[in-house]
K.L.:
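Input: one structure, supplied below.
Computed from heavy atoms alone, side chains included, the values below leave out hydrogens, waters and symmetry copies. In what follows, chains are A, B, ... by sequence order, proteins preceding strands, each numbered from 1. Since this is a predicted model, take the numbers as computed values, not measurements.
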Amino acid sequence: DTGVSQNPRHKITKRGQNVTFRCDPISEHNRLYWYRQTLGQGPEFLTYFQNEAQLEKSRLLSDRFSAERPKGSFSTLEIQRTEQGDSAMYLCASSSLLQGRSSGANVLTFGAGSRLTVL
Amino acid sequence: DQQVKQNSPSLSVQEGRISILNCDYTNSMFDYFLWYKKYPAEGPTFLISISSIKDKNEDGRFTVFLNKSAKHLSLHIVPSQPGDSAVYFCAPGDSSYKLIFGSGTRLLVRP
């Protein structure tokens, strides 16, 4: 398995345009997460799926953001009418509680991220 | 409402010495605590974790200590190596299955 794959790695767009990011998780992981990271901050939770069900969305996620995981495998994150404040690194992660380490922790495996620059 | 705080944005240590990275939290419901390491242009990678029912977990050069009464944990790296230079994130989790990340500490290990 090649880990969590994210595409594109970098997207530059003009304000007002729509963008879509794709995430391919580790195949046996049933949970998939989207986080956002801005400069000097830690990753900020956006939403997560268990299989195809979106179980939680951050209240920070505006209506312009939508995420899907239609068949419980890959996921897409779409941002409509982008704003300059949307410029960030968008990180996808996946996990399986069955693979928890000795602490029983839900260890997330992250992809390399998709960097969005809105001009 | 910052549930997780890493108050030192950066730390510089001589190679071979101990690096101590600190993390404070406010939510007593966290079940476990993870540390992640992040290199530039890469996603965070899992380093070590500790359950809330333990006070120490060790894995090679890395040891995490948890003080529940103080709501404080620390990551010790000894001996520190130049390849350890990265940003380190404290990330507690609970039954909601998501992790809450601190703002990170940038560690520089000088040769």
K.L.:
Take a 6.0 Å sphere around CZ of B:R17 and say whether it holds more than 12 heavy atoms from other residues, nucleotides or ligands.
P.N.:
no
K.L.:
Answer yes or no on whether B:K98 is positioned over the face of A:F45, meaning its NZ or CZ is under 6.0 Å from the six-membered ring centre and within 45° of the axis.
P.N.:
yes
K.L.:
May I ask whether A:W34 and B:I100 are part of the same hydrophobic cluster, defined by side-chain heavy atoms of I, L, V, M, F, W, Y residues being less than 4.5 angstrom apart, directly or through others?
P.N.:
no
K.L.:
Quick one: which residues of residues 88-96 of chain B reach chain A at under 4.5 angstrom, heavy atoms only?
P.N.:
B:F89, B:S96
K.L.:
Name the member of A:Q50, A:Q6, A:Q37 that forms the most heavy-atom pairs with chain B at distances under 4.5 Å.
P.N.:
A:Q37
K.L.:
Between A:Y33 and B:Y97, is any pair of side-chain heavy atoms under 4.5 Å apart?
P.N.:
yes
K.L.:
Let me know if A:L91 has heavy atoms under 4.5 Å from chain B in its side chain, its backbone, both or neither.
P.N.:
side chain
K.L.:
Return yes when atom CG of A:L39 has more than 12 non-hydrogen atoms of other residues, nucleotides or ligands closer than 6.0 Å, and no otherwise.
P.N.:
no
K.L.:
With a 3.5 Å distance limit and no angle check, can you tell me whether A:R115 reaches the backbone of B:A41 through a side-chain donor-acceptor pair?
P.N.:
no
K.L.:
Do the side chains of B:Y32 and A:V107 get nearer than 4.5 Å, heavy atoms only?
P.N.:
no
K.L.:
Below 4.5 Å from any heavy atom of chain B, which atoms of A:E56 appear? Answer side chain, backbone, both or neither.
P.N.:
side chain
K.L.:
State yes or no: do B:F65 and B:I77 share one hydrophobic cluster built from I, L, V, M, F, W and Y residues joined by side-chain heavy-atom distances below 4.5 Å, directly or via other members?
P.N.:
no
K.L.:
Side chain, backbone, both or neither: which part of A:E44 has a non-hydrogen atom closer than 4.5 Å to chain B?
P.N.:
neither
K.L.:
Is B:L66 reachable from B:F30 through a run of hydrophobic residues whose side-chain heavy atoms are each under 4.5 Å from the next?
P.N.:
yes
K.L.:
Could you tell me the separation between the CG atom of B:L99 and the OH atom of A:Y48, rounded to the nearest 0.5 Å?
P.N.:
11.0 Å
K.L.:
What's the verdict on side-chain contact (heavy atoms from CB on, under 4.5 Å) for B:E42 and A:F110, showing C-alpha distance, side-chain angles and the deciding distance?
P.N.:
CA-CA 9 Å; B:E42 296 182 12; A:F110 282 86; over 6 Å; no
K.L.:
Report, by ascending residue number, the residues of residues 101-111 of chain B in heavy-atom contact with chain A at a distance under 4.5 Å; give 'none' if the set is empty.
P.N.:
B:F101, B:G102, B:S103
K.L.:
Examine B:Y36 and A:M89 and state if one hydrophobic cluster contains both, with Ile, Leu, Val, Met, Phe, Trp and Tyr joined whenever side-chain heavy atoms are less than 4.5 Å apart.
P.N.:
yes
K.L.:
Please tabulate, for the side chains in residues 16-23 of chain A, all donor-acceptor contacts under 3.5 angstrom to protein atoms that are two or more places apart in sequence or on a different chain.
P.N.:
| unit_1 | atom_1 | unit_2 | atom_2 | d |
| --- | --- | --- | --- | --- |
| A:N18 | OD1 | A:R81 | N | 2.8 |
| A:R22 | NE | A:D24 | OD2 | 2.8 |
| A:R22 | NH2 | A:D24 | OD1 | 3.0 |

K.L.:
Which residues in residues 62-78 of chain A have any heavy atom closer than 4.5 Å to a heavy atom of chain B?
P.N.:
none
